[in-house]
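Heads up, the thing below is written out as structure tokens.
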Amino acid sequence: MKKKNIPQSDMPPIWAQRIQALLEEQNMKQTELSKISKISASSISDWIGGNGKREPKVLGLKAIADALGVSMDYLMGAEECTSADNEKIHKRTGLSDKAIKNLVRLRRKVKTGEISAAKKLAVCNFLLETINRTGLFEFLYNYLLGEYYFNDGQQNLGATEIYLKTPNGAVAERLNFAENYAHIYLSLVLQELSLLKKVTNKIRRKKQKADYSEWLKTPEGIAFEREIWEQQAAYEDDKEDEE
């Protein structure tokens, strides 16, 4: 089924889209927003569902922004993030507002001792630290977010299906090309993950070696090393006596 292109004039204005998205994100109903913002529920409904035919005044938009905990600049599309702090992070890193919020939530959970959050944050750090050593991110994009087609979507110029044959040559199954092509990248993702596993093992060995070197400097380590030397010296003395 072809996707209908919505004319630009029929698209809701950015502020209407963002109010709706924030209501869904915060699991808030329009009636609740109305009570908090002191804006009538009918006005909010008209603003969101009227495709911009009724536009809020500045004071009304400010009340909505305050009720939703965001800036007016965000509602109007001048900024990409709901808070000034997140906007600064976004401009420096390119991370989306939602990604930043998720990382902040993870960090909070780590501070409360949640093991699952600590694991997730550790993986995020490791993948970003090794981003230039692997093609994993590119393959993940191609597998998870990539869209494949043969033409511009206006004309049916190319094949969209491939056929799987049995060993005797009979057609056994008709397969969607884009779906199966994406699975090629899944195999590449798994390959890159196996390579990253080797990287983690290498890093772990280096850390263990460094930790061992530091431990040898402690009183326990010094005593352990002295004991090894004494055992080695005693072994060599016994060997000389035997000769």
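Just so it is clear, the model here is predicted, and its values are computed rather than measured. Numbering of residues begins at 1 and proceeds along the displayed sequence.
- Under the 4.5 angstrom side-chain criterion for Ile, Leu, Val, Met, Phe, Trp and Tyr, I115 has no cluster partners at all.
- Contact record, C81 with E87: N-OE1, 2.8 Å, taken as the closest heavy-atom pair.
- Residues A67 and L33 approach most closely at CB-CD1, 3.6 Å, considering heavy atoms.
- With hydrophobic clusters built from ILVMFWY side chains whose heavy atoms lie under 4.5 angstrom apart, I131 shares a cluster with Y141.
- Shown here are the side chain to side chain contact (heavy atoms under 4.5 Å, CB included) partners of I222, two or more places apart in sequence or in another chain: R226.
- When hydrophobic clusters are built by joining Ile, Leu, Val, Met, Phe, Trp and Tyr residues whose side-chain heavy atoms come closer than 4.5 Å, directly or via intermediates, L59 is not grouped with W47.
- Applying the side chain to side chain contact (heavy atoms under 4.5 Å, CB included) criterion to S42, with sequence neighbours excluded, gives S40.
- For the pair I64/W15, no side-chain contact is recorded, criterion being any heavy-atom separation below 4.5 Å from C-beta on.
- Nearest heavy atoms, R18 versus G77: NH1-CA, 3.5 Å.
- Environment of CG in N27: sparse, with no more than 12 heavy atoms of neighbouring residues, nucleotides or ligands closer than 6.0 Å.
- Residue pairs meeting the side chain to side chain donor-acceptor pair (under 3.5 Å) criterion with at least one partner in residues 60-79, sequence neighbours excluded, are K62-D66.
- When hydrophobic side chains of Ile, Leu, Val, Met, Phe, Trp and Tyr are connected at separations under 4.5 Å, L121 ends up clustered with I89, L95, I100, L103, V104, L106, V110.
- Note that CG of L23 and CD of Q30 are 6.5 Å apart. Values are rounded to the nearest 0.5 Å.
- Checked against salt bridge (Lys or Arg N to Asp or Glu O under 4.0 Å), E129 has no partners two or more places apart in sequence or in another chain.
- Under the 3.5 Å distance criterion, the side-chain polar atoms of E192 are matched with a main-chain donor or acceptor of G135.
- Scanning for side chain to side chain contact (heavy atoms under 4.5 Å, CB included) contacts around Q17 gives M11, P12, with sequence neighbours left out.
- Among residues at least two apart or in separate chains, side chain to side chain donor-acceptor pair (under 3.5 Å) pairs with a member in residues 98-107 are E25-K101, T82-K101, D97-K101, N102-R105.
- Residues passing the side chain to side chain contact (heavy atoms under 4.5 Å, CB included) test with Q26 are L22, M28, L68, sequence neighbours excluded.
- Between L127 and F137, some side-chain heavy-atom pair lies under the 4.5 Å cut-off.
- For R133, the side chain to side chain donor-acceptor pair (under 3.5 Å) test picks out no residue, with sequence neighbours left out.
- In this structure, V123 is a member of the same hydrophobic cluster as L136, with clusters built from ILVMFWY side-chain heavy atoms closer than 4.5 Å.
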Discussion item. Could you walk me through whether E114 and K119 satisfy the salt bridge (Lys or Arg N to Asp or Glu O under 4.0 Å) test, starting with their C-alpha distance in whole Å, then the side-chain angles of each, then the deciding distance to 0.1 Å, before giving a yes or no?
Written reply: CA-CA 9 Å; E114 187 175 311; K119 289 179 179 179; over 6 Å; no
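- For the atom pair E32 CD and I44 CD1, the distance stands at 10.5 Å (nearest 0.5 Å).
- Applying the side chain to side chain donor-acceptor pair (under 3.5 Å) rule to S116 yields no partners; only residues at least two apart in sequence or on another chain are considered.
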